[in-house]
Amino acid sequence: MAQHTTVNLSAINKQIVVPTGLFINNEFVPSVDSKELIHAVNPATEDVICSVVAASAKDIDIAVAAARNAFKTTWGKNVTGFERSRLINKLADLIERDAQALAELEALNNGKPARIARDFDIGDSVQCLRYYAGWADKIIGQTLEVDNKSKLAFTRHDPIGVCGQIIPWNYPINMWAWKVAPALAVGCTIVMKPSELCPLTALKLSELVKEAGFPPGVINTVPSLGHVGGAALAAHPDVDKVAFTGSTITGRKVMEAAAKSNLKKVSLELGGKSPHLVFESADLDQAANWAALGICYNSGQDCTAGSRVYVQNSVYDKFIGLLVSKVKAQVVGDGLDEKSGGGPVVSKTQYDKVWGYIEAGKQEGAKAILGGEKRPGKGYYVDPTDEAIALANDTTYGLGAGLHSSTPTHF
Ligand SMILES: *[C@@H]1O[C@H](CO)[C@@H](O)[C@H](O)[C@H]1NC(C)=O
Ligand SMILES: *[C@@H]1O[C@H](CO)[C@@H](O)[C@H](O)[C@H]1NC(C)=O
Ligand SMILES: *[C@@H]1O[C@H](CO)[C@@H](O)[C@H](O)[C@H]1NC(C)=O
Ligand SMILES: *[C@@H]1O[C@H](CO)[C@@H](O)[C@H](O)[C@H]1NC(C)=O
């Protein structure tokens with residue numbers, strides 16, 4: 001299989017070359033032992049965009065070895081903070097240069113509007129890289145007081161080592177930047193597993209890693225199925241840290257695998273079910289704006305989505321009217337159309353899950369005030385659906401609560 005393919009951005013009559021191999025030691029390579037492929041789908045059309053190599057557990061071993069070697073010979077031990085800073089800034093510049101193409105590829109594979117990917121996801125990613133580039137040469141220890149003048153005691157901050165990073169499909173470029181930037185800044189090396197649903201932009205970003213001049217093996221990108229590549233990274237004896245963003249259920253498995261292997265360090269960013277509380281004293285127009293943004297942004301595919309709204313009885317009807325008008329104003333369409341404010345959901349699985357919840361809600365007596373009917377034709381579209389809110393307070397999730405009131409004395 002070729003290590004690159006040309007993909008049509010047919011909605012805007014352009015083409016883009018996308019790498020389809022595993023990115024290890026700054027080269028795109030095939031799997032050493034597997035013919036398995038990941039089929040990247042355009043959720044707006046349900047067409048396969050292209051297929052990329054799915055890394056096997058053996059490929060993960062090779063990527064980890066590449067990252068270990070880079071850690072020992074270059075990035076972790078023998079590259080100054082000034083040089084790390086320079087390269088991370090260079091990567092940010094290249095992402096900024098290619099923002100439009102990256103945004104279009106993101107729209108194609110994830111469904112989100114290219115305009116939003118460019119102005120928000122990528123803009124934020126560039127800032128994030130530059131922020132951490134600024135830290136790379138400012139990582140300092142302390143000198144400690146001792147009781148004998150002939151002694152010297154000090155601390156240093158050393159990089160942890162090889163980091164396995166497992167990112168989700170809802171913000172493929174953002175998540176990539178948020179994970180790699182701090183690890184790179186301190187001198188860690190990386191084996192990155194993008195989501196099997198949206199692997200294309202991580203591969204495209206890997207081209208820029210090489211162009212920026214990072215030494216081979218500093219960032220390795222291994223698209224893989226979660227139960228293969230994700231599991232292998234979490235359990236790997238030579239991975240020093242694993243960072244995972246995704247579901248709570250998978251987060252537990254990652255922590256368990258880390259504990260059962262080498263007690264590697266773990267950072268987890270898991271799911272939410274965040275409430276908005278709207279009080280009668282609130283500026284209701286503002287509250288409706290925020291509540292609409294809270295649930296509609298990124299087609300609701302957000303760990304901090306405001307997926308529960310509690311409204312004080314006295315303003316309930318007025319608030320619902322405002323909320324419906326705000327939500328209705330959003331144009332949901334193909335992400336490559338500049339007019340779209342929202343896109344389809346990412347995959348058939350998510351589409352079926354969302355419709356399952358809408359149906360279950362209806363069966364439990366909720367009334368859809370807006371939406372609630374499937375569109376004819378192709379594409380995993382779920383038009384914004386607002387259900388009259390039943391108080392559901394029995395959840396252990398939070399993460400991004402909003403509170404709308406002009407009288408803080410409520411609390
Ligand atoms: C992409 O577009 C080119 C030129 O318009 C066409 O020849 C090719 O078949 C298209 N490829 C796919 C996969 O649709
Ligand atoms: C450190 O880097 C320098 C310059 O790139 C190189 O000449 C040297 O061999 C490296 N040292 C080690 C231990 O890898
Ligand atoms: C300080 O440390 C030196 C070297 O170990 C030792 O010779 C000396 O006796 C110590 N002085 C005091 C005051 O403990
Ligand atoms: C919400 O849940 C909390 C904790 O279980 C409980 O104390 C509270 O009474 C509940 N509130 C409502 C309105 O059900």
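Whatever order the structure lists ligands and atoms in, that order sets their numbers, starting from 1.
- The nearest protein heavy atom to atom 14 (O) of ligand 3 is closer than 4.0 Å.
- Polar contact check, Asn148 against ligand 3: a nitrogen or oxygen pair lies under 3.5 Å apart.
- There is a side-chain donor-acceptor pair under 3.5 Å between Ser56 and Asp59.
- More than 12 non-hydrogen atoms from other residues, nucleotides or ligands lie less than 6.0 angstrom from CG of Asn148.
- Note that Lys90 lies outside the cation-pi zone of Phe214, set by a 6.0 Å cut-off to the ring centre and a 45° limit from the axis.
- Under the 30°/60° scheme for interplanar angles, the aromatic rings of Phe28 and His4 are found to stand perpendicular.
- Counting protein heavy atoms under 4.0 angstrom from atom 11 (N) of ligand 3 gives one or more.
- Closest to atom 3 (C) of ligand 3, if we only count protein heavy atoms, is Ser150 OG, 3.4 Å.
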